[in-house]
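Keep in mind that this is a model prediction, so the values were computed, not measured. FYI, side chains are in, hydrogens and waters are out, and symmetry mates aren't considered; it's all heavy atoms of this structure.
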Amino acid sequence: MRVLSGIQPSGTLHLGNYFGAMKQHIELQDGHECFYFIANLHSLTTIQDAARLRQFTADVAVEYLTMGLDPSKVTFFRQSDVPEVTELAWVLSTVTGKGLLERAHSFKDKVAKGLAVNMGLFCYPLLMAADILIYRSHLVPVGKDQVQHIEMTQDMAGYFNQTYREVFVRPEPRLNDAPIVPGIDGQKMSKSYGNHIELFGDAKAIKKKIMAIKTDSTPVEDPKNPETCNVFALLKLLAEPAEVQEWDRRYRAAGMGYGEAKKRLAELYEAKFGPKRAIRAQWAARPDDIEDILRAGAKRARAVAQEVMADVYDACGIVVAKS
Ligand code: TYM
């Protein structure tokens, strides 16, 4: 079973990235063949500043390693180090109807928000499908916002296989129990909405953000609904099950204020991520070692990609010069 996923280097990683995706990536590294990559080509659709893209790319590598990604178990690489994916994205574009891409929620959301959309953003699902299909991936662990892209990938694999021959396997998405992590305003946590809590933020600044999480105005003396509360949703991710149960009980009983739950959330955040700051600093001081890890990963990934691409071109009748 081959597992594959990617994270865009488009800003600092946040709790949504971690609990929606990265946590499952790390859990799956034992017992599966995992390919994880930094989706830097995808980031070009939104980050058009070379220094920032370089920095964010380095940060994603550092933060994956800090959180426990083990390069001896996982093939870890930069998307752009396997240029064959862009070739496959082109081939997929020739068997995919424009209507499929026009139905992509993430593209439609960006249009609705008035963002200037480039062709890269429109074609984003083609490159993502290529990422998945070129490694013949079976399972793609992601947050819920990416599921439609994986369903589109299934469609594209089908279009290609029907047009030519069975080259691609059908990938399946994998969600965990935090498929949509809410941000401090209750919308999906996202860098682009500015409602995120960073994984490695400064303790004081994070506490301030946590204390600002939006709640309803139910007074302390009234019972509250944990199921609709953003603070509770985050508590559930960080506290042990027995403590979650206790908060659930206290929410439903009268006499608990949201401030108390927020303070505990800030403590739990600090207990989990606080000690990682020093580990992050250690990894950040080893750029040459990280470069070696990413190069070794790219070499392994590229070998698979080249083999699949040769199969793709053969199926299509594209003749490649022998070297
Ligand atoms: P990206 O960089 O936006 O997000 C990385 C991962 O984090 C998940 N995620 C969330 N999960 C739950 N709640 C949230 N609030 C939240 N915010 C982000 C995302 O679902 C994702 O799994 N298109 C991808 C990158 C990519 C990719 C791929 C992924 C490129 N090629 C191939 C899988 C397979 C993206 O933009 O993720």
Flag, side chain of [X] to backbone of [Y], donor-acceptor distance under 3.5 Å:
X	Y	result
N17	M22	no
T96	S93	no
H32	M1	no
K224	P219	yes
N40	S80	yes
Q148	R103	yes
Q29	D70	yes
Q79	L41	yes
D185	K214	no
N195	K188	yes

How about [X] and [Y]: do any of their side-chain heavy atoms sit closer than 4.5 Å?
X	Y	result
F168	L88	yes
F56	I38	no
H14	I197	no
T86	W90	no
Y258	C229	yes
L53	P9	yes
E307	E84	no
I184	Y193	no

Do you reckon [X] sits in the same ILVMFWY cluster as [Y], going by side-chain contacts under 4.5 Å, direct or chained?
X	Y	answer
F200	I206	yes
M189	M211	no
V140	V169	no
L100	L127	yes
L139	F37	no

query = Can F122 and K98 be said to form a side-chain contact (heavy atoms from CB on, under 4.5 Å), step by step?
reply = CA-CA 10 Å; F122 182 67; K98 187 163 143 271; 4.0 Å; yes
request  = Give the C-alpha distance, both sets of side-chain angles, the deciding distance and a yes or no for side-chain contact (heavy atoms from CB on, under 4.5 Å) between V62 and R280.
outcome  = CA-CA 6 Å; V62 163; R280 188 193 188 287; 3.6 Å; yes
query = Quick one: salt bridge (Lys or Arg N to Asp or Glu O under 4.0 Å) partners of D292, sequence neighbours excluded?
reply = none
Looking only at heavy atoms, which two atoms of [X] and [Y] are closest? And how far apart?
X	Y	answer
Q154	P173	NE2-CD, 4.0 Å
P141	L28	CG-CD1, 3.8 Å
I290	A61	CG2-CB, 3.7 Å
Y164	A315	CD2-O, 3.3 Å
V74	R300	O-NH2, 3.2 Å
A178	N176	N-OD1, 2.8 Å

Side chain to side chain contact (heavy atoms under 4.5 Å, CB included), paired with L237, selected from L265, V244, V181 = V181
Is any NZ, NE, NH1 or NH2 atom of the basic residue among [X] and [Y] found under 4.0 Å from an Asp or Glu carboxylate oxygen of the other?
X	Y	value
K209	E198	yes
R165	D314	yes
D311	R136	yes
D30	K73	yes

inquiry  = Under the salt bridge (charged side-chain N to carboxylate O under 4.0 Å, His left out) definition, can you give me all pairs with a residue in residues 238-266, not counting sequence neighbours?
reply    = E227-R252, E243-R264, E246-R249, D248-R252, R250-E260, R264-E267
In Å, rounded to the nearest 0.5 Å, how long is the span from [atom1] of [X] to [atom2] of [Y]?
X	Y	atom1	atom2	answer
R52	T57	CZ	OG1	11.5 Å
Q187	H196	CD	NE2	13.5 Å
Y64	L13	OH	CG	8.5 Å
I150	L175	CD1	CG	8.0 Å
L115	T45	CG	OG1	10.0 Å
S43	Q48	OG	CD	10.5 Å

task = Step by step, work out the side-chain contact (heavy atoms from CB on, under 4.5 Å) result for L126 and M152.
result = CA-CA 9 Å; L126 289 166; M152 292 166 88; over 6 Å; no
key: Test log, rule salt bridge (Lys or Arg N to Asp or Glu O under 4.0 Å), inputs R174 and E172   = CA-CA 7 Å; R174 180 185 193 272; E172 295 296 336; over 6 Å; no
ask   = Would you call the rings of Y251 and W247 parallel, tilted or perpendicular if under 30° counts as parallel and over 60° as perpendicular?
value = perpendicular
key: F35 six-ring face occupied by R2 cation (under 6.0 Å, within 45°)   = yes
task = Give a yes or no on whether K108 atom NZ has more than 12 heavy-atom contacts from other residues, nucleotides or ligands under 6.0 Å away.
result = yes
inquiry  = Show me the pairs that pass side-chain hydrogen bond (donor to acceptor under 3.5 Å, both in side chains) and involve residues 115-130, at least two apart or across chains.
reply    = Q8-Y124
message = Determine whether the aromatic ring centres of residues Y36 and F76 are separated by less than 6.0 angstrom.
response = no
task = Could you walk me through whether T215 and F232 pass the side-chain contact (heavy atoms from CB on, under 4.5 Å) test, one step at a time?
result = CA-CA 10 Å; T215 54; F232 186 82; over 6 Å; no
